[in-house]
Amino acid sequence: MIDISSTVLALSEDSATQEEVQDVARCLRTLYSTPLGSQEGDRSLGIDQGVFLDKPMEVAKALYVREVTERTAEFEPRAQVVRVDWLESKLKQGEVIPKVVYELV
């Protein structure tokens, strides 16, 4: 299972003001930790966990990367996903934590 509530963010380059960096990080944190359909006012905001839930781990990881990349392009045009790394601190419980590395565009 991919634990979206613990998603870690990492900025690949620091080419903007600190205020903009913090705003983009806040927006991405909200986007990545919100299940699709749960946000009042915009039910299309969030990550569709149904895409990767109950799939083999390697398939789920690939589907998660696609979901995050597409959602980032749709909802946060100031950022672009560079890669997703995996923190396997909860691997014994069958969970991995995604670390989304992005850059400002």
Side-chain angles (χ1 to χ4, degrees):
M1 182 173 142
I2 298 174
D3 182 5
I4 68 168
S5 65
S6 299
T7 299
V8 176
L9 297 175
L11 181 62
S12 68
E13 297 178 8
D14 189 15
S15 61
T17 66
Q18 188 65 22
E19 184 176 308
E20 183 180 13
V21 168
Q22 290 176 350
D23 185 50
V24 170
R26 186 173 35 257
C27 291
L28 290 175
R29 196 171 300 110
T30 299
L31 175 63
Y32 298 158
S33 64
T34 302
L36 184 66
S38 66
Q39 183 67 36
E40 289 184 32
D42 191 355
R43 299 290 181 189
S44 65
L45 178 74
I47 299 298
D48 185 1
Q49 293 176 301
V51 170
F52 50 84
L53 192 65
D54 293 333
K55 303 280 192 282
M57 187 58 75
E58 293 307 312
V59 173
K61 286 179 178 180
L63 292 171
Y64 175 83
V65 171
R66 186 186 73 191
E67 179 75 4
V68 166
T69 302
E70 289 175 356
R71 294 295 180 166
T72 300
E74 181 179 354
F75 287 99
E76 187 48 82
R78 299 174 293 175
Q80 180 178 359
V81 175
V82 174
R83 70 180 183 277
V84 177
D85 297 329
W86 300 96
L87 309 175
E88 298 182 348
S89 63
K90 295 183 178 180
L91 190 57
K92 290 182 181 178
Q93 291 88 3
E95 293 183 6
V96 293
I97 298 172
K99 177 182 178 183
V100 179
V101 179
Y102 65 97
E103 63 186 7
L104 298 181
V105 292

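A quick note: this is a predicted structure, and the numbers were derived from the prediction, not measured.
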Check [X] against [Y] and note the closest heavy-atom contact, atom names and distance.
{"X": "V51", "Y": "L63", "result": "O-CD1, 3.2 Å"}
{"X": "L28", "Y": "A79", "result": "CD1-CB, 4.0 Å"}
{"X": "S5", "Y": "S33", "result": "CA-CB, 4.5 Å"}
{"X": "L9", "Y": "R29", "result": "CD1-N, 3.8 Å"}
{"X": "K55", "Y": "G50", "result": "NZ-O, 4.4 Å"}

Partners passing side-chain hydrogen bond (donor to acceptor under 3.5 Å, both in side chains) against S44 (at least two apart in sequence or in another chain): D42
Among all residues two or more places apart in sequence or in another chain, which pass the side-chain hydrogen bond (donor to acceptor under 3.5 Å, both in side chains) test with D85? R83
Under the salt bridge (charged side-chain N to carboxylate O under 4.0 Å, His left out) test, which residues partner R78, sequence neighbours left out? D23, E76
Would you please name every residue forming a salt bridge (charged side-chain N to carboxylate O under 4.0 Å, His left out) with E58, sequence neighbours left out? K61
What distance do [X] atom [atom1] and [Y] atom [atom2] have between them, rounded to the nearest 0.5 Å?
{"X": "L36", "Y": "D48", "atom1": "CG", "atom2": "CG", "value": "5.0 Å"}
{"X": "R71", "Y": "T69", "atom1": "CZ", "atom2": "OG1", "value": "12.0 Å"}
{"X": "T34", "Y": "R43", "atom1": "OG1", "atom2": "CZ", "value": "11.5 Å"}
{"X": "D3", "Y": "Q49", "atom1": "CG", "atom2": "CD", "value": "9.0 Å"}

Kindly say whether P35 contributes a backbone atom to a donor-acceptor pair with the side chain of S38 at under 3.5 angstrom? yes
Please, which pairs that meet ring pair (Phe, Tyr, Trp, His ring centres under 6.0 Å) have at least one residue in residues 46-73, sequence neighbours excluded? F52-Y64, Y64-W86
Taken in chain and number order and not counting sequence neighbours, the residues that satisfy side-chain contact (heavy atoms from CB on, under 4.5 Å) with Q80 are E103, V105
ILVMFWY network linking V59 to I2, side-chain heavy atoms under 4.5 angstrom: yes
Only one of V100, T7, L31 forms a side-chain contact (heavy atoms from CB on, under 4.5 Å) with V68, so which one is it? V100
